[in-house]
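Residue indices begin at 1 and follow the sequence shown.
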Amino acid sequence: MDCCEEKAQLAEQAWVLNHLSNIYWTFKMPVIDDTLKDESEEDINIENEMLIIQGSIEEELIMSQNLEIAEEYAQVFYDIAQCHYWVYTYVHILHRELNLANIMVGEKDGKKYGVLNDWDLAISLDKQGATPTLHYRTGTRPYMALEQHSCKWKGLHRYRYDLESLFYAILLVASSPSPSEECEQDSDDDAEDYCHWIDYGNRFLHREKKFIIILPSWEPTVTHFFRGFFQWLTELQTCLNHGFHAFWRHQKDEMDAAEAAKNRERKRKKGKSQGEDWQPQPQQVLSIFDEDTLGGHFSYKNMVFIMHQFCGKELETRSVEWQEMVQKQKQLQTERTGTDGMAQDG
């Protein structure tokens, strides 16, 4: 992560270094034992891929599951989103393994903050199309993006996949009892526990996650301690819901346009063979769909708008760009409130 430190210093954004772990030493070891290959991934050919174990010695950090205040969890998750944005935007590196084990906590002057750890599977955006791991799923199953569970998925790892992983990380935390609640008999028994996801494969998880995403009025079952995350989760799910429905409509439009083009070509050939003066019909022009953000529905911008507050309290926004976005959002809300008030008075 030396490149991150250099870039942060040059850009005068040293804040991000607090959210990247200090690495003291790293190592790599090739693995020849075929038993380490995941036999469940039958649709992936890894015969010619060398397996490598990577390790590192880093600064001591706190596991995020050991936090005792819900607001501290919120700040940590928000810090992870900000850190991910900065590394992706300025250093052009994608993490690709965002899960609770890699969401760590640092502490300075009595304040907790999030640290995005374990960049072993990270990849430079410039090399993503050339690396042999393009066709392999990276990530830990409970946190992987919906599309990665499909047997039809063949890569490219988009940045929104990591944001979707953060959504599942928040969901898994919010549906689990806090350390104090685990000792209490009156903890929320009706809260759905998603921790069992670790025991299932891609088909099950694809079905479960698609069910969460497609429901128009989905409501997460969160435990009492984490009830403040209810609003975050419902708003993030709404972004995913709108984004995927827009994506699926675009895919259907593409298929319809392709079929229409085939029909036009058949008519042209038929007319030509019969000596008819066939006039070409105008082709349907499809709008460009941004798959990286699901048409703008699920992006960093959505994350900052949703996550900069928790239970009505402002969290710390570190990134200058995100501070500006928050200010613009507040101005728009103020103007909208003023307009609504004038309309009511009228």
For E58 and N22, indicate whether the former's side chain and the latter's backbone hold a donor-acceptor pair under 3.5 Å. no

Using side-chain contact (heavy atoms from CB on, under 4.5 Å), reason through Y194 and Y168 one step at a time and then give a plain yes or no. CA-CA 9 Å; Y194 296 94; Y168 297 128; over 6 Å; no

Donor-acceptor side-chain pairing of N241 and T238 below 3.5 angstrom: no

Are W119 and H95 close enough that their ring centers fall under 6.0 Å? yes

In this structure, are over 12 heavy atoms from other groups packed under 6.0 Å from Y24 atom OH? yes

In terms of side-chain heavy atoms, does R227 have a donor or acceptor partner in H224 at a distance below 3.5 Å? yes

A quick test of your reading: do over 12 heavy atoms of other residues, nucleotides or ligands sit less than 6.0 Å from CD1 of I288? no

Below 30° counts as parallel, above 60° as perpendicular, anything between as tilted: where do the rings of W322 and Y78 land? tilted

When you check the side-chain N and O atoms of Q13 and W86, is any donor under 3.5 Å from an acceptor? yes

Partner of E147 under side-chain hydrogen bond (donor to acceptor under 3.5 Å, both in side chains), chosen from R158, K209, R160: R160

Side chains of Q331 and E335: is there a donor and an acceptor less than 3.5 Å apart? no

Residues T140, I198; criterion side-chain contact (heavy atoms from CB on, under 4.5 Å); working and verdict: CA-CA 8 Å; T140 304; I198 195 66; 4.2 Å; yes

Count the heavy atoms of every other residue, nucleotide or ligand shown that sit under 6.0 Å from CD of Q251, and state whether that count exceeds 12. yes

Ring pair (Phe, Tyr, Trp, His ring centres under 6.0 Å) assessment of Y200 paired with H196: CA-CA 7 Å; Y200 291 92; H196 68 281; 5.8 Å; yes

Pair T293-Y300, side chain to side chain donor-acceptor pair (under 3.5 Å): steps then yes or no: CA-CA 9 Å; T293 64; Y300 288 120; over 6 Å; no

Have S21 and E59 got a donor and an acceptor in their side chains that come within less than 3.5 Å? no

Passes ring pair (Phe, Tyr, Trp, His ring centres under 6.0 Å), H19 versus Y113? Steps please. CA-CA 7 Å; H19 309 284; Y113 55 87; 5.6 Å; yes

Between M303 and L166, is a side-chain contact (heavy atoms from CB on, under 4.5 Å) present by the stated rule, with each step listed? CA-CA 10 Å; M303 301 296 280; L166 183 58; 3.8 Å; yes

Sidechain N-carboxylate O distance under 4.0 Å for E254, K252: no

Identify the two heavy atoms, one from F167 and one from L233, that lie closest to each other, and give their separation to 0.1 Å. CE1-O, 3.6 Å

N202 vs R141, test: side-chain contact (heavy atoms from CB on, under 4.5 Å). Steps then yes/no. CA-CA 7 Å; N202 288 316; R141 280 201 184 103; 3.5 Å; yes

List in chain and number order the residues that pass ring-ring contact (aromatic ring centres under 6.0 Å, His included) with F305, two or more places apart in sequence or in another chain; answer none if no residue qualifies. none

If the condition is ring-ring contact (aromatic ring centres under 6.0 Å, His included), which residues does F230 pass it with, not counting sequence neighbours? none

Flag yes if more than 12 heavy atoms outside E60 fall under 6.0 Å of its CD atom; otherwise flag no. no

Can you list the residues that meet the side chain to side chain donor-acceptor pair (under 3.5 Å) rule with N302, with sequence neighbours excluded? S299

